[in-house]
Amino acid sequence: MIVANLFNNSNMNIYLIIILAAILVDYVLNLAADYLNTSALSKELPDEFEGVYDEEEYKRSQEYTRERTRFGIVSATFGVIVILAFWFLGGFNELDQLVRSWNYGTIVTGLFYIGLLMLGQTILSLPFSLYSTFVIEEKYGFNKTTAGTFITDMAKGLLLSVLLGLPLLAGIIWFFDSFETYAWLYAWGVATAFILIVQFIAPTWIMPLFNKFSPLEEGELRQAIMEYANSVNFPLEGLYVMDGSKRSTKSNAFFTGFGKNKRIALFDTLIDKHTVPELVAILAHEIGHYKKKHIQKSMIISVVHMGVMFALLQFFLTSEGLFEAFFMEQASVYAGLVFFGMLYAPIEMVLSIFMQYFSRKNEFEADRFAAETTGANEPMIEALKKLSVHNLSNLTPHRLYVFLKYSHPPVMERIRAIREVQNT
């Protein structure tokens, strides 16, 4: 009945049109990018990887890309069908009437409303997560996650959401429900403080809940890393090995935290597969992010973005049309948070493309820093090649796919850029 009335109404709600268009455009655009990306897979191994990738392993990497793409399309299609069905069958309003019938205050009712939506999303996505981990990743030799680890990770994630997320969400609902003028400013301030605190405590309190971090033991590798760190005047206080092999055979390294809590973590799988010079180059890349202030810049952009988002949220929370677009009988701050998130999707899509570009630019800068400060290009190039092979990376991604989804440049572009450092 709702759908019939909707399409019989010549004055269709503008918010509904924008949100529906955003969902469909995003879906079609990503579908096109997926198609082009798999079409761009080349049977011919790039010359750069001759002797690194054997023919069978290269074919396997392409099949991995195809299978993950097919899986992503099925998952995305299911997601679009579910959200549209829930929306146009009046699910948002029915859920609102249910939680209101429990007769709690605005904040508790809002927490139930958003919490149940998130719980439903988690339950519906669970089969896809299980299939991805225990079928696809298992098939290609990556998965090391046990059923126990998978369940424990979910439980810990839920606990963190309750302990950290619920107080923040309750505060935001209270601000917008209690203040007419400066609610967005109060919410922005509290959310910013929350993010900074989490960034500060994550390395020592949150991340160890999921992985074991052991100080890198004394030896050739630690000595080489410390000598490099001293050469670039980087006070390396936290150098750890993370048990990445607990969940996957894939390799990685990352820099996290700030102040005295900053640390660099190397996956144990990374150490097992690379030489000392390659590992030093990888660590130099991570230090490059710090030296080039990439983390600080990203944080500033995120905080400013959040402020703009909260300011817009306050404006749209007073719009009856936004709630009418979701067939709501009553307006509320908590439902408005959900609906605004969907209305904001087109802006978020554009911003994500910008942030992906910004991230790829940072990766080039960090690569260049590593090549220049270590005085050698080949260790970093060899490390990138090995990482690509071990992770079955796509060597020939389509430009549109990179433009929309890649936070790191394609490996061939990174290698070309590193080689140019020798010529400057």
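Since the structure is predicted, the reported quantities are computational estimates derived from the model, not experimental observations.
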Practice item. Please round to the nearest 0.5 Å and tell me the distance separating atom CG of Asp367 and atom CG of Asn362. Key: 11.0 Å
Point to revise | Closest heavy-atom pair and its distance - Ala191, Phe310 | key: CB-CE1, 3.8 Å
Exercise for review: Determine yes or no for a side-chain-to-main-chain donor-acceptor pair under 3.5 angstrom, with Thr133 supplying the side chain and Leu130 the backbone.
Suggested key: no
Review point. What do you reckon, is NZ of Lys144 surrounded by more than 12 foreign heavy atoms closer than 6.0 Å?
Key: no
Point to revise | Side-chain heavy-atom pair Ser39, His398 within 4.5 angstrom cut-off | key: no
Study note, to complete from the structure: When every non-hydrogen atom of Leu20 is compared with those of Trp87, the smallest separation belongs to N-CH2, 3.9 Å
Point to revise | For the student: nearest non-hydrogen atoms of Leu404 and Gln356, plus distance | key: O-NE2, 3.8 Å
Practice item. Apply side-chain hydrogen bond (donor to acceptor under 3.5 Å, both in side chains) to Ser132 and Arg68, showing your working. Key: CA-CA 8 Å; Ser132 173; Arg68 289 231 59 102; 2.8 Å; yes
Review point. Looking just at side-chain N and O atoms, do Asn394 and Thr65 make a donor-acceptor pair shorter than 3.5 Å?
Key: no
Practice item. Side-chain contact test, heavy atoms from C-beta onward, threshold under 4.5 Å: evaluate it for Lys250 versus Leu392 and give yes or no. Key: no
Exercise for review: Taking Ser298 for its side chain and Ile295 for its backbone only, find out whether a donor-acceptor pair lies under 3.5 Å.
Suggested key: no
Review point. Does atom OH of Tyr35 have more than 12 heavy-atom neighbours, drawn from other residues, nucleotides or ligands, at distances under 6.0 Å?
Key: no
Exercise for review: Would you check, one step at a time, whether the test salt bridge (Lys or Arg N to Asp or Glu O under 4.0 Å) holds for Lys385 with Glu48?
Suggested key: CA-CA 9 Å; Lys385 288 181 180 179; Glu48 188 72 57; 2.9 Å; yes
Exercise for review: Would you kindly say whether Asn143 and Glu137 are connected by a side-chain donor-acceptor distance under 3.5 Å?
Suggested key: no
Point to revise | side-chain contact (heavy atoms from CB on, under 4.5 Å) between Phe92 and Phe327, worked out | key: CA-CA 8 Å; Phe92 287 106; Phe327 320 113; over 6 Å; no
Point to revise | Worked verdict on Leu343 versus Leu312 for side-chain contact (heavy atoms from CB on, under 4.5 Å) | key: CA-CA 11 Å; Leu343 176 65; Leu312 290 173; over 6 Å; no
Exercise for review: Kindly indicate whether the side chain of Trp184, heavy atoms from C-beta on, has any atom under 4.5 Å from the side chain of Ile172.
Suggested key: no
Point to revise | No-hydrogen, no-angle side-chain donor-acceptor test under 3.5 Å, Tyr140 and Glu67 | key: yes
Review point. Looking only at atom types and distance, does a side-chain atom of His305 sit under 3.5 Å from a main-chain N or O of Ile301, one as donor and one as acceptor?
Key: no
Practice item. Decide whether Thr373 and Tyr228 meet the rule of one side-chain donor and one side-chain acceptor closer than 3.5 Å. Key: yes
Check your understanding: If only atom types and distance count, is the side chain of Thr396 paired as donor or acceptor with the main-chain N or O of Ala40 below 3.5 Å?
Key -> yes
Review point. Less than 4.0 Å between a side-chain N and a carboxylate O, is that true for Arg368 and Glu365?
Key: no
Point to revise | Residues Val52, Lys386; criterion side-chain contact (heavy atoms from CB on, under 4.5 Å); working and verdict | key: CA-CA 8 Å; Val52 181; Lys386 287 183 180 180; 5.6 Å; no
Point to revise | Ile287/Phe369 under side-chain contact (heavy atoms from CB on, under 4.5 Å): CA gap, chis, key distance, verdict | key: CA-CA 9 Å; Ile287 291 177; Phe369 178 89; 4.2 Å; yes
Check your understanding: Do Asn30 and Asp34 meet the criterion of a side-chain donor-acceptor pair at a distance under 3.5 Å?
Key -> no
Check your understanding: Around Phe128, counting heavy atoms of other residues, nucleotides and ligands shown, do more than 12 lie under 6.0 Å from its CZ?
Key -> yes
Study note, to complete from the structure: What one should report as the nearest heavy-atom pair of Asn391 and Tyr64 is O-CE2, 4.1 Å
Point to revise | With sequence neighbours excluded, residues passing ring-ring contact (aromatic ring centres under 6.0 Å, His included) with Phe364 | key: none
Check your understanding: Do other residues, nucleotides or ligands put more than 12 heavy atoms under 6.0 Å from Met412 CE?
Key -> yes
Practice item. Report yes if the side chains of Leu395 and Pro410 come closer than 4.5 Å at any heavy-atom pair, otherwise no. Key: no
Point to revise | Between Tyr334 and Thr109, a side-chain donor and acceptor under 3.5 Å | key: no
Exercise for review: Check whether more than 12 heavy atoms from other residues, nucleotides or ligands sit under 6.0 Å from atom OH of Tyr104, and answer yes or no.
Suggested key: no
Exercise for review: Taking the side chain as every heavy atom from C-beta outward, state whether Arg247 and Phe150 have any atom pair closer than 4.5 Å.
Suggested key: no
Check your understanding: Within a strict 4.5 Å, meaning less than it, do heavy atoms of the Phe175 and Val333 side chains meet?
Key -> no
Review point. So does Gln330 have more than 12 non-hydrogen atoms from other groups sitting under 6.0 Å from CD?
Key: yes
Point to revise | Check: His285/Glu363 side-chain N/O donor and acceptor closer than 3.5 Å | key: yes
Review point. Is Lys246 salt-bridged to Asp268, going by a charged N under 4.0 Å from an acidic O?
Key: no
Check your understanding: Is there a side-chain contact between Ser359 and Tyr406 (heavy atoms, below 4.5 Å)?
Key -> no
Study note, to complete from the structure: Between Leu16 and Phe88 the two heavy atoms that sit nearest each other are CD1-CE2, 4.0 Å
Check your understanding: Judged by atom type as modelled, is there a donor-acceptor pair below 3.5 Å linking the side chain of Gln314 to the main-chain atoms of Glu180?
Key -> yes
Practice item. State, with a plain yes or no, whether a side-chain heavy atom of Met380 is found less than 4.5 Å away from one of Leu384. Key: yes
Point to revise | Between OG1 on residue Thr181 and OH on residue Tyr186, distance to nearest 0.5 Å | key: 8.5 Å
Practice item. Please lay out, stage by stage, how Asp243 and Lys212 fare under the test salt bridge (Lys or Arg N to Asp or Glu O under 4.0 Å). Key: CA-CA 6 Å; Asp243 60 339; Lys212 181 180 178 181; over 6 Å; no
Review point. Rounded to the nearest 0.5 Å, how far apart are CG of Leu95 and OH of Tyr113?
Key: 5.5 Å
Check your understanding: For the side chain of Ser61 and the backbone of Tyr58, is there at least one donor-acceptor N/O pair under 3.5 Å apart?
Key -> yes
Check your understanding: Got a donor-acceptor contact below 3.5 angstrom from the Asn93 side chain to the Glu329 backbone?
Key -> yes
Check your understanding: Between Gly141 and Arg60, what is the shortest heavy-atom contact and its length?
Key -> N-NH2, 3.8 Å
**Study point:** Qualifying residues under salt bridge (Lys or Arg N to Asp or Glu O under 4.0 Å), relative to Arg70, sequence neighbours excluded
**Key:** Glu63
Exercise for review: Might you confirm whether atom NZ of Lys297 has over 12 heavy atoms from other residues, nucleotides or ligands at distances under 6.0 Å?
Suggested key: yes
Practice item. Please round to the nearest 0.5 Å and tell me the distance separating atom CD1 of Ile381 and atom CD of Glu278. Key: 11.0 Å
Study note, to complete from the structure: Rounded to the nearest 0.5 Å, the CG atom of Leu126 sits from the CE atom of Met154 at a distance of 5.0 Å
Point to revise | Side-chain H-bond candidate by donor/acceptor type, Thr77 with Tyr27, under 3.5 Å | key: yes
Review point. What do the steps show when you test Thr149 against Thr146 for side-chain hydrogen bond (donor to acceptor under 3.5 Å, both in side chains), and what is the final call?
Key: CA-CA 5 Å; Thr149 299; Thr146 64; 3.0 Å; yes
**Study point:** Tyr182 side, atom OH; Trp188 side, atom CH2 - distance, nearest 0.5 Å
**Key:** 14.0 Å
